[in-house]
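These numbers come from the heavy atoms of this one structure, side chains and all, not from hydrogens, waters or symmetry mates.
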Amino acid sequence: MSGGLLVPAGVLLATALVLGRLAVRVGMPAVVGELCAGILLGPSVLGHAVPALSSWLPRAAVPHGPLDSIGQLGVVLLVGTTGIEIDTKMLRRRKAATLTVGTTGLLVPLGLGVSAGFLLPSSLVAVGSGQPVFAAFLGVALCVSAIPVIAKILADMRLLHRTVGQLILGAGMVDDAIGWLLLSVVSAMASSQVRAGHVLLSVGYMAGVVILALTVVRPLVRRALSMAERAGDAAPTIAVVTTVLVLGAAATQSLGLEAMLGAFIGGVLIGSGSDVDLRKLAPLRAVVMAVFAPLFFATAGLHLDLAALAHPVVALAAGVVLAIAVLGKFAGAFLGALLARLGMWEAVAMGAGMNARGVIQIVVATAGLRLGVLTTATYTIVVLVAVVTSVMAPPVLRVAMHRIEQTEEEELRRRDLAAFSEPSIEGPPPQRQ
């Protein structure tokens, strides 16, 4: 490795660690501070104060650059290890709630976002892009959730064992799977290449991935894990798990789907195995949560420049879009939870968790900027929504979860998952229930 990677990575990781700890001290999850680390060191703050000092960090984080590559590996491992912690049996029992919340949590903000796109001033629409394409792109940008951010928030708040936390992740995957499909459609619209066959092919690929994973890949993964478990140390198991997550991400990415979808499915396949010793995976999770995930979130913040909000028209539009984004996503998930017969505070928690857009919305905004659909101003607006909603989620979640009594099933799940983050060298290996 060259100094072009080592120095920026070291500075980013150190800053993310410090700000992450400060966030924890003030009652926020570490991910909030990690996101702010990139914003602080990027053009939004340091870039304006000392341009020469901060310019080399964004250069290292450009798409396909060294920091970007580490960040992509980090998000794949983060989403994959989150999938390992999913209680598939519980989600199958509650599949109606998962599908209902995921669908309503997508359709309501999508409709409101498209409507807002038609109402915003034409000055915010990129030259060469029509208002319909801009409106469709804004709708998609506002309807997605951010599984990496949601997963990190739930992990930081120790809520992954709670049933509501599991439902949030399940609904988020439904939401994002459809959202990435819609993104491919509006991207084709921007290129004047949208065809019904393209949409049907993407749907077919997604269905094929799920079917292949359940029928062919799952037995292979279980056999590989069983062979790795025979070793006395954790290294073979960690190697097999990492390979499954990375290859799963590569497989879906090669089909034009989101890499995180393959990583999440790979994690679910690993976690659903009855003979997985979670204690052996604790070192992998520790490295992901302490190194790769903070680097990923901090790197994303380097691309942001919030100076555009100084313009009154942009600031007003940002306020309107933010209000629509929060209302639409929260209301959609809240309504879906009530339709699924969840309690009021469970519905509030679902709305808060699904409202975190984070880096996924930044990825969508970057695609819009690259395709010439969004201007720098509208890109900044979408990014602002991503950051604010990620910061909003934890306090609302904390209030709601304090009013939801923990069940015996959740306590058993907590003890099971504790081995993943707090390995012990004594006692028999815990088994997935």
Residues forming a side chain to side chain contact (heavy atoms under 4.5 Å, CB included) with Leu169, sequence neighbours excluded: Thr82, Ile86, Ile147, Ile150, Ala151, Leu154, Leu160
Shortest non-hydrogen contact between Val313 and Pro121, atoms and distance: CG1-CG, 4.5 Å
Main-chain N/O of Val399 paired to Arg403 side chain as donor or acceptor, under 3.5 Å: yes
Leu120 vs Val321 side-chain heavy atoms within contact, under 4.5 Å: yes
From CA spacing to verdict: side-chain contact (heavy atoms from CB on, under 4.5 Å), Ile238, Lys280: CA-CA 7 Å; Ile238 291 175; Lys280 290 187 176 182; 5.7 Å; no
Atom pair CG/CG of Leu124 and Leu374 - distance to nearest 0.5 Å: 10.0 Å
Contact summary for Ala349 and Met401, nearest pair of heavy atoms: CB-SD, 4.0 Å
Side-chain touch Met289/Leu78, heavy atoms, less than 4.5 angstrom: yes
Backbone N/O of Gly262 and side chain of Thr252: donor-acceptor pair under 3.5 Å: yes
side-chain hydrogen bond (donor to acceptor under 3.5 Å, both in side chains) against Thr375, all qualifying residues, sequence neighbours excluded: Thr378
Trace of the side-chain contact (heavy atoms from CB on, under 4.5 Å) decision for Ile168 with Leu159: CA-CA 10 Å; Ile168 289 173; Leu159 295 177; over 6 Å; no
Qualifying residues under side chain to side chain contact (heavy atoms under 4.5 Å, CB included), relative to Leu73, sequence neighbours excluded: Leu77, Val246, Phe292
Heavy-atom closest contact (Leu138 atom, Gly113 atom, distance): CD2-O, 3.7 Å
Partners passing side-chain hydrogen bond (donor to acceptor under 3.5 Å, both in side chains) against Gln131 (at least two apart in sequence or in another chain): none
All pairs passing side-chain hydrogen bond (donor to acceptor under 3.5 Å, both in side chains) where residues 307-317 contributes a residue, at least two apart: none
CG on Leu384 to OH on Tyr379, rounded to 0.5 Å: 12.0 Å
Spacing of Gln253 atom CD and Leu255 atom CG [to the nearest 0.5 Å]: 10.0 Å
Glu411 (side chain) donor-acceptor with Glu408 (main chain) under 3.5 angstrom: no
OG1 on Thr389 to CG on Leu322, rounded to 0.5 Å: 7.5 Å
Where Val348 and Phe330 come nearest, the two heavy atoms and their spacing: O-CE1, 3.6 Å
For Glu410, side-chain hydrogen bond (donor to acceptor under 3.5 Å, both in side chains) partners two or more places apart: Arg162, Thr163
Residues which pass side chain to side chain contact (heavy atoms under 4.5 Å, CB included) with Ala16, listed by chain and number, not counting sequence neighbours: Glu34, Ala37, Pro294, Ala298
Atom of Met157, atom of Pro394 and distance for their closest heavy-atom approach: CE-O, 3.5 Å
Using residues 5-13 as the side-chain source, report each donor-acceptor pair under 3.5 Å to any protein atom, sequence neighbours left out, with the distance given to one decimal.
none

side-chain contact (heavy atoms from CB on, under 4.5 Å) between Leu342 and Leu167, worked out: CA-CA 11 Å; Leu342 297 180; Leu167 289 174; 4.2 Å; yes
Working for side-chain contact (heavy atoms from CB on, under 4.5 Å), residues Val108 and Leu112: CA-CA 6 Å; Val108 174; Leu112 291 176; 4.2 Å; yes
Any residue meeting side chain to side chain contact (heavy atoms under 4.5 Å, CB included) with Arg341, in chain and number order, not counting sequence neighbours: none
Residues 97-107, side-chain donor-acceptor partners within the protein, below 3.5 Å, at least two apart:
residue: Thr98; atom: OG1; partner: Arg94; partner atom: O; Å: 3.3
residue: Thr100; atom: OG1; partner: Ala96; partner atom: O; Å: 2.6
residue: Thr103; atom: OG1; partner: Leu99; partner atom: O; Å: 2.7
residue: Thr104; atom: OG1; partner: Thr100; partner atom: O; Å: 2.9
residue: Thr104; atom: OG1; partner: Val101; partner atom: O; Å: 3.4
residue: Thr104; atom: OG1; partner: Gly332; partner atom: O; Å: 2.8
residue: Thr104; atom: OG1; partner: Gly336; partner atom: N; Å: 3.4

Pairs touching residues 321-340 that satisfy salt bridge (charged side-chain N to carboxylate O under 4.0 Å, His left out), sequence neighbours left out: Asp175-Lys329
4.5 Å side-chain heavy-atom contact, Leu245 and Ile270: yes
Inter-residue atom distance Phe334.CZ - Asn355.CG, 0.5 Å rounding: 13.5 Å
Where Ser390 and Ala386 come nearest, the two heavy atoms and their spacing: OG-O, 2.8 Å
Donor-acceptor side-chain pairing of Gln406 and His161 below 3.5 angstrom: yes
Distance, nearest 0.5 Å, that separates CD1 of Ile404 from CH2 of Trp345: 9.0 Å
